[in-house]
Amino acid sequence: MGKRGPAKGTGGRPRKPLIEKIADGNIDHRPTTVLSFGDIPDLDAVEMPPPNEMLSAVQRDGSVLQAKEIYEKTWTWLNERGCAKFISPELIERYAMSAARWIQCEEAVNRYGMIGKHPTVGTPIQSPYVAMGQSYMKQTSRLWNEIFALVRENCTAEYQGDSPQSDVMERLLRARG
C-alpha cells in the first residue's frame with residue numbers, strides 16, 4: 001500500500017505568525033522567540049557563511065552567474081533583522097541560485113525571443129527559455145516564501161519595506177533594457 005497524505009513536516013495547518021500568537025495570548029503556552037523589525041540594536045558581529053563557489057561560476061557564454069550577489073544581499077538583509085541564524089545557508093544558496101537562473105532565462109528570452117524553431121520540422125515553437133524561466137520563477141517564489149515564513153513566524157511586528165525579492169525583480173527589469 002502506498003504512502004498517503006502530504007510529505008512529512010508539510011501537512012497540517014500552517015503555523016501562526018508570532019504577532020498573532022501574542023495577540024491571542026499564546027494559548028498553547030509554548031516558549032516563543034521574539035524578533036522585532038523596529039529599532040534594530042547593535043548586534044554581535046556575525047560572519048556571513050562563505051557562499052559556495054558555484055554561485056559565481058563562469059557561464060558557458062563567459063558571463064559570471066549573479067547568484068553570489070543575491071546570496072550576499074539576502075544574507076545581509078536577514079542578518080540586519082536578526083534572522084540569519086534561523087535560515088540555513090543552504091536554503092539561501094538555493095534561493096540565490098534559482099533567482100539567478102530565472103534572471104538568466106529572462107535575459108535569454110530578451111536576446112533570442114519567445115519563439116524558436118523546431119529542430120527537425122522547422123516550424124515555430126515556444127522558446128525553451130520561456131518554460132525554464134517560468135519554472136525558475138515558481139521555484140524562486142517558493143523558496144522566498146519558505147525563507148520569509150521563518151522570518152514571519154519569529155517576528156513581533158509586520159515588516160514594511162524592501163526585501164531581496166524586490167531586488168531580484170529590479171535586476172530582472174534592468175536586464176530587459
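When reading the values below, keep in mind they use all heavy atoms of this one structure, side chains included, and skip hydrogens, waters and symmetry mates.
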Peer 1: Kindly say whether Gln59 contributes a backbone atom to a donor-acceptor pair with the side chain of Ser63 at under 3.5 angstrom?
Peer 2: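 Answer holds: no.
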Peer 1: For Leu65 versus Met97, what's the shortest heavy-atom pair and its separation?
Peer 2: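 Distance-wise, the nearest heavy atoms are CD2-SD, 3.4 Å.
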Peer 1: Hey, does Pro49 have a side-chain heavy atom less than 4.5 Å from the side chain of Trp75?
Peer 2: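 Yes; the side chains approach each other to less than 4.5 Å.
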Peer 1: Minimum heavy-atom separation for Ile70 and Ala100, please, with both atom names.
Peer 2: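 Minimum heavy-atom separation between Ile70 and Ala100: CD1-N, 3.9 Å.
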Peer 1: Closest approach of Ala96 and Tyr71, non-hydrogen atoms and distance?
Peer 2: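 Nearest heavy atoms, Ala96 then Tyr71: CB-N, 3.6 Å.
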Peer 1: Take the angle between the ring planes of Tyr112 and Tyr129 and call it parallel below 30°, perpendicular above 60°, tilted in between.
Peer 2: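 Rings of Tyr112 and Tyr129: parallel, as their planes differ by under 30°.
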Peer 1: In Å and rounded to the nearest 0.5 Å, what is the CG to CZ distance from Asn145 to Arg152?
Peer 2: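 Interatomic distance, Asn145 CG to Arg152 CZ, rounded to 0.5 Å: 9.5 Å.
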Peer 1: How far apart are the C-alpha atoms of Asn52 and Lys68, what are their side-chain angles, what is the distance that settles it, and do they pass the side-chain contact (heavy atoms from CB on, under 4.5 Å) test?
Peer 2: CA-CA 8 Å; Asn52 192 312; Lys68 182 179 178 186; over 6 Å; no
Peer 1: With a cut-off of 3.5 Å and sequence neighbours excluded, list every side-chain donor-acceptor pair involving residues 113-124.
Peer 2:
| unit_1 | atom_1 | unit_2 | atom_2 | d |
| --- | --- | --- | --- | --- |
| His118 | ND1 | Thr120 | N | 3.2 |
| His118 | ND1 | Thr120 | OG1 | 3.1 |
| His118 | ND1 | Val121 | N | 3.2 |

Peer 1: Ser135: which residues meet the side chain to side chain contact (heavy atoms under 4.5 Å, CB included) condition with it, sequence neighbours left out?
Peer 2: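 If we apply the side chain to side chain contact (heavy atoms under 4.5 Å, CB included) test to Ser135, skipping adjacent residues, there are no hits.
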Peer 1: Any side-chain heavy atom of Ser56 sitting closer than 4.5 Å to one from Val64?
Peer 2: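 Yes; the side chains approach each other to less than 4.5 Å.
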Peer 1: Could you tell me which non-hydrogen atom of Met132 sits nearest to which non-hydrogen atom of Cys105, and how far apart they are?
Peer 2: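 In this case the closest contact between Met132 and Cys105 is CB-SG, 3.7 Å.
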Peer 1: Filter on salt bridge (Lys or Arg N to Asp or Glu O under 4.0 Å), then keep only pairs touching residues 129-142, sequence neighbours left out; what's left?
Peer 2: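 Pairs touching residues 129-142 that pass the test: Arg142-Glu146.
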Peer 1: Can you list every salt bridge (Lys or Arg N to Asp or Glu O under 4.0 Å) pair that touches residues 127-136, not counting sequence neighbours?
Peer 2: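 Pairs touching residues 127-136 that pass the test: none.
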Peer 1: Give the minimum heavy-atom separation between Ile147 and Tyr95, together with the two atoms involved.
Peer 2: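 So the minimum-distance heavy-atom pair works out to CD1-CB, 3.9 Å.
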Peer 1: Take Trp144 and Thr74, measure what side-chain contact (heavy atoms from CB on, under 4.5 Å) needs, and give me the verdict at the end.
Peer 2: CA-CA 10 Å; Trp144 176 252; Thr74 303; 4.2 Å; yes
Peer 1: With sequence neighbours excluded, what pairs up with Glu72 under the salt bridge (charged side-chain N to carboxylate O under 4.0 Å, His left out) test?
Peer 2: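 By the salt bridge (charged side-chain N to carboxylate O under 4.0 Å, His left out) rule, Glu72 matches no residue at all.
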Peer 1: Quick one: pull up CD1 in Ile92 and CH2 in Trp77 and give me the separation to the nearest 0.5 Å.
Peer 2: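 So the CD1 of Ile92 and the CH2 of Trp77 are separated by 10.5 Å.
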Peer 1: When rounded to the nearest 0.5 angstrom, what distance separates CD1 in Ile87 from CG in Asn79?
Peer 2: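 Between Ile87 CD1 and Asn79 CG, I get 11.5 Å after rounding to 0.5 Å.
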Peer 1: Does any non-hydrogen side-chain atom of Arg101 lie less than 4.5 Å from one of Thr140?
Peer 2: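 Not in contact.
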Peer 1: Test: salt bridge (Lys or Arg N to Asp or Glu O under 4.0 Å). Region: residues 50-63. Which pairs qualify, not counting sequence neighbours?
Peer 2: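 Not a single pair qualifies under salt bridge (Lys or Arg N to Asp or Glu O under 4.0 Å).
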Peer 1: Report the C-alpha distance between Glu69 and Leu55 in whole Å, list the side-chain angles of each, state the deciding distance to 0.1 Å, and finish with yes or no for side-chain contact (heavy atoms from CB on, under 4.5 Å).
Peer 2: CA-CA 8 Å; Glu69 294 172 45; Leu55 297 181; over 6 Å; no
Peer 1: Are a donor atom and an acceptor atom from the side chains of Gln104 and Gln66 found within less than 3.5 Å of each other?
Peer 2: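 No - no donor-acceptor pair under 3.5 Å links their side chains.
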